[in-house]
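Only this structure's heavy atoms are used, side chains among them; waters, hydrogens and symmetry mates stay out. Lettering of chains follows the sequences in order, A, B, ..., and the numbering in each one begins at 1.
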Protein chains: 2
Amino acid sequence: MHSPILGRHLLLELYDCANDFLNDPAKIENGLQQVILAIGATAVQSVFHRFEPIGVSGVIVLAESHLTIHTWPEYRYAALDLFTCDSRIDYNQAEAAFKALFKAGRSEKTELKRGQMSHIQKQVI
Amino acid sequence: MHSPILGRHLLLELYDCANDFLNDPAKIENGLQQVILAIGATAVQSVFHRFEPIGVSGVIVLAESHLTIHTWPEYRYAALDLFTCDSRIDYNQAEAAFKALFKAGRSEKTELKRGQMSHIQKQVI
């Protein structure tokens, strides 16, 4: 049976994070790459950028879609997105790993379905 | 007055797109960069990747957060995300420009608020 959707998208709001971590792009990327391995995803390419005076943005293109992070160290807040088109990836495991990585005191998640197969009318292959 | 949120996030499902476009990372990036300029955002770095046999994933880190794209040419579908922390960017303009770029026959959008200021308890600056 085909999946009714093409991808899943986890959006995490991470509050009350460890703020020594949130302004360090190398530590953030290293931590995220470890989570990617742990959940069985595959990193293809990445870009991390530290803003002046403060804050980090990073994106990792995955074979399964993408992971992005934006941090506001001054607010101890990070916005994390995981978008995957492989239904085997465990989103509960991923969420727990991200919360632990950032030592988030609280978090909120949204999980969305991307690409409804029922809406695809013109298959060309 | 401070904004009650740190960022806005537009998620677009683009169906029935022009499929000659969806497998060409250079054309997609060029088109997206033009939209970025038009809406007054600033690209910092980008990564585009073409998958074999088909499909493109791309991310553009913005000064205002990010733009991502994933395409399924075989389904004439693309998943586009625009995340910005600059409240001056016009999301209606952005949405119309993206739909025109991909010649989407139909689309669905979700717009989410990211980083609720009311949930930020520990401001360190």
Side-chain angles (χ1 to χ4, degrees), chain A residues 5-7 9 11-17 19-20 22 44-49 51 53-55 57-81 83-85 105-108 110 112-117 119-125, chain B residues 5-7 9 11-17 19-20 22 44-49 51 53-55 57-81 83-85 105-108 110 112-117 119-125:
Chain A
I5 56 169
L6 290 172
H9 191 156
L11 301 99
L12 275 182
E13 316 301 312
L14 300 167
Y15 297 102
D16 295 346
C17 298
N19 68 332
D20 57 334
L22 291 182
V44 175
Q45 268 184 284
S46 66
V47 172
F48 277 74
H49 185 81
F51 291 96
I54 201 167
S57 281
V59 293
I60 303 175
V61 177
L62 305 174
E64 300 81 8
S65 293
H66 74 249
L67 173 62
T68 65
I69 185 75
H70 301 286
T71 75
W72 279 257
E74 68 273 40
Y75 296 130
R76 293 187 178 172
Y77 165 74
L80 187 147
D81 284 59
F83 183 157
T84 61
C85 56
R106 66 183 289 190
S107 65
E108 287 180 1
T110 305
L112 298 174
K113 297 172 180 173
R114 304 298 302 264
Q116 302 279 351
M117 288 301 289
H119 294 183
I120 287 167
Q121 296 171 357
K122 297 177 183 171
Q123 295 189 26
V124 293
I125 289 176
Chain B
I5 57 170
L6 290 172
H9 191 155
L11 302 98
L12 276 182
E13 317 301 313
L14 300 167
Y15 297 103
D16 296 345
C17 298
N19 69 332
D20 56 334
L22 292 181
V44 175
Q45 269 184 282
S46 66
V47 172
F48 277 74
H49 184 81
F51 291 97
I54 201 166
S57 281
V59 293
I60 303 175
V61 177
L62 305 174
E64 299 82 7
S65 291
H66 75 249
L67 172 62
T68 65
I69 185 76
H70 302 286
T71 75
W72 279 256
E74 67 273 40
Y75 296 129
R76 294 187 178 171
Y77 166 74
L80 187 148
D81 284 58
F83 183 155
T84 61
C85 56
R106 66 184 288 191
S107 65
E108 287 180 1
T110 306
L112 298 173
K113 297 172 179 175
R114 305 297 301 264
Q116 301 278 352
M117 288 301 289
H119 294 182
I120 287 167
Q121 297 171 358
K122 296 176 183 172
Q123 296 189 24
V124 294
I125 289 177

Between B:Asp81, B:Val61, B:Leu112, the one whose heavy-atom pairs under 4.5 Å with chain A are most numerous: B:Asp81
Where on A:Leu80 is there a heavy atom nearer than 4.5 Å to chain B: the side chain, the backbone, both, or neither? backbone
Minimum heavy-atom distance A:Trp72-B:Cys85, with the two atoms named: CZ2-CB, 3.7 Å
Which word best sums up how the rings of B:His119 and A:Tyr15 line up, parallel for under 30°, tilted for 30 to 60°, or perpendicular for over 60°? perpendicular
Any residue meeting side-chain contact (heavy atoms from CB on, under 4.5 Å) with B:Gln45, in chain and number order, not counting sequence neighbours: A:Val47, A:His49
Non-hydrogen atoms of chain B under 4.5 Å away: do they reach the side chain of A:Ser65, the backbone, both or neither? both
Under a 4.5 Å heavy-atom cutoff, which of A:Ile60, A:Leu14, A:Val59 has the most pairs with chain B? A:Val59
The interface call for A:Phe48 against chain B, heavy-atom contacts under 4.5 Å, is backbone
Approximate separation, where rounding is to 0.5 Å, of B:Glu13 CD and A:Leu6 CG: 9.0 Å
B:Ala79 and A:Arg114: which non-hydrogen atoms are nearest, and at how many Å? CB-NH2, 3.7 Å
Just to verify, what does A:Ser57 make a side-chain hydrogen bond (donor to acceptor under 3.5 Å, both in side chains) with, not counting sequence neighbours? A:His70
What closest approach, in Å, do A:Leu62 and B:Phe51 show between heavy atoms, and which atom pair accounts for it? O-CZ, 3.6 Å
Let me know if A:Gln116 has heavy atoms under 4.5 Å from chain B in its side chain, its backbone, both or neither. both
Would you give the length of the straight line joining atom CE of B:Met117 to atom OH of A:Tyr77, rounded to the nearest 0.5 angstrom? 11.0 Å
